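Remember, it's 1-based here, ligands and their atoms both numbered in the order they're listed. Not measured: the values here are computed from a predicted model.
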Amino acid sequence: MKVLVAVKRVVDFNVRVRVKSDGSGVDIDNVKMSMNPFDESAIEEALRMREAGIASEVIAVSIGGTKSQETLRTALAMGADRAIHLESTDPVEPLGVAKLLTKIVEQESPEVVILGKQAIDDDSNQTGQMLAALLDWPQGSFASKAVFDGNNLSLTRETDSGLETLSITLPAVITTDLRLNEPRYPKLPDIMKARKKPIDTHDAASMGVDIAPRLTVLNVTEPPAREPGIKVANAAELIDKLKNETGVI
Ligand code: AMP
């Protein structure tokens, strides 16, 4: 079976982002960009499926500017077989990404599509769910374990009330939690080899779907600065402060 994996280029999770002075968004000029961490788990899971003989091919897809190809190269260096880049200079919202992915699903006929549970730049947590709805496929979101058996997938997901295990029939959409696996680091020879692997590029606007934005960002502000914490000498002092200074008790 073919596995399609969606990977997004985002600001690296170690970067402390700054809001632009005009409040129109976050300044991403000259900051380190990386593959969305949840998408690293998505690629890793697909590679493990191929290594276990469950998947025959792993295809990475990314939507974004020319530099999304760097993220696709990372996916190829990790071990993906080939990549598809849908180029768009303007940011594409989750609904637009989900619609574009349906087109790739039509063309490639994968049996499993794996996405991260959320992109750490917009924190939307929407694309996988929207894709499953558009395709009318079952979905297993926030996967922390996936066991394939023929046409069936047993998927464990972490919820606030505990672990939930679903039985899902393929084809299906999966979104990954970080606990699903430990993504591998690409080795230098694999990074070199990845340069020769194909990236099929198309203009996102020519895919025949409406990707016009539905949302307007009105303003972006820094979160309020947090008061520095204090250390107390003992429990009695803590109780005293909670009672007399904060009014918590
Ligand atoms: P979101 O719904 O924006 O939080 O994103 C959830 C997941 O959808 C991400 O972890 C990716 O797997 C996928 N995704 C979102 N945007 C893109 C994009 N521009 N290119 C490729 N995959 C994306």
Side-chain angles (χ1 to χ4, degrees), residues 3-13 17 25-26 28 33-47 49 58-76 78 80 82-105 107-108 110 112-135 137 139-144 146 157-158 172-181 183 199-205 207 209-215 217:
V3 181
L4 186 72
V5 184
V7 293
K8 186 176 187 186
R9 181 173 185 265
V10 296
V11 173
D12 187 89
F13 71 97
V17 287
V26 165
I28 57 165
M33 305 291 283
S34 298
M35 183 187 294
N36 184 42
F38 292 96
D39 305 352
E40 290 180 340
S41 296
I43 285 282
E44 178 64 36
E45 198 61 19
L47 296 175
M49 287 169 68
V58 176
I59 308 160
V61 55
S62 193
I63 295 137
T66 322
K67 291 201 167 163
S68 299
Q69 294 204 3
E70 290 170 11
T71 308
L72 289 171
R73 288 280 168 220
T74 305
L76 293 168
M78 286 174 78
R82 60 189 170 92
I84 300 170
H85 177 209
L86 300 182
E87 190 156 11
S88 167
T89 41
D90 296 323
V92 183
E93 291 172 359
L95 179 60
V97 173
K99 287 183 190 170
L100 289 167
L101 291 175
T102 61
K103 287 284 159 190
I104 303 297
V105 169
Q107 289 168 9
E108 296 286 348
V112 176
V113 184
I114 314 182
L115 304 90
K117 81 167 177 185
Q118 72 195 68
I120 61 166
D121 53 359
D122 60 21
D123 273 345
S124 294
N125 177 9
Q126 294 171 353
T127 311
Q129 294 89 328
M130 287 175 167
L131 176 64
L134 291 171
L135 292 169
W137 283 10
Q139 61 175 297
S141 54
F142 314 162
S144 57
R157 49 197 305 274
E158 292 187 12
V173 173
I174 300 174
T175 72
T176 60
D177 210 327
L178 290 181
R179 278 168 287 273
L180 182 60
N181 56 45
I199 298 183
D200 193 10
T201 304
H202 305 273
D203 181 4
M207 296 295 289
V209 293
D210 175 12
I211 54 170
R214 268 40 174 187
L215 306 173
V217 175

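At a 4.0 Å heavy-atom cut-off, the residues surrounding ligand 1 are Ala6, Val7, Lys8, Asn36, Asp39, Val61, Ser62, Ile63, Pro94, Val97, Leu115, Gly116, Gln118, Ala119, Asp122, Ser124, Asn125, Gln126, Thr127, listed by chain and number.
With hydrogens and angles disregarded, a donor-acceptor distance shorter than 3.5 Å links the side chain of Arg157 to the backbone of Ser141.
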Show me the donor-acceptor pairs within less than 3.5 Å that the side chains of residues 3-11 make with the rest of the protein, sequence neighbours left out.
from : atom 1 : to     : atom 2 : distance (Å)
Lys8 : NZ     : Asp121 : OD1    : 3.1
Lys8 : NZ     : Asp121 : OD2    : 3.1
Lys8 : NZ     : Asp122 : OD2    : 3.4
Arg9 : NE     : Lys67  : O      : 3.4

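Considering every non-hydrogen atom in both Leu180 and Ser41, the closest pair reads CD2-O, 4.4 Å.
No side-chain heavy atom of Phe38 sits less than 4.5 Å from a side-chain heavy atom of Thr175.
Screening residues 82-97 for side chain to side chain donor-acceptor pair (under 3.5 Å) gives Glu57-Arg82, Thr66-Glu87, Gln69-His85, Arg82-Glu108 as the qualifying pairs, with residues at least two apart or on separate chains.
Listed by chain and residue number, nothing satisfies the salt bridge (Lys or Arg N to Asp or Glu O under 4.0 Å) test with Arg73 (two or more places apart in sequence, or in another chain).
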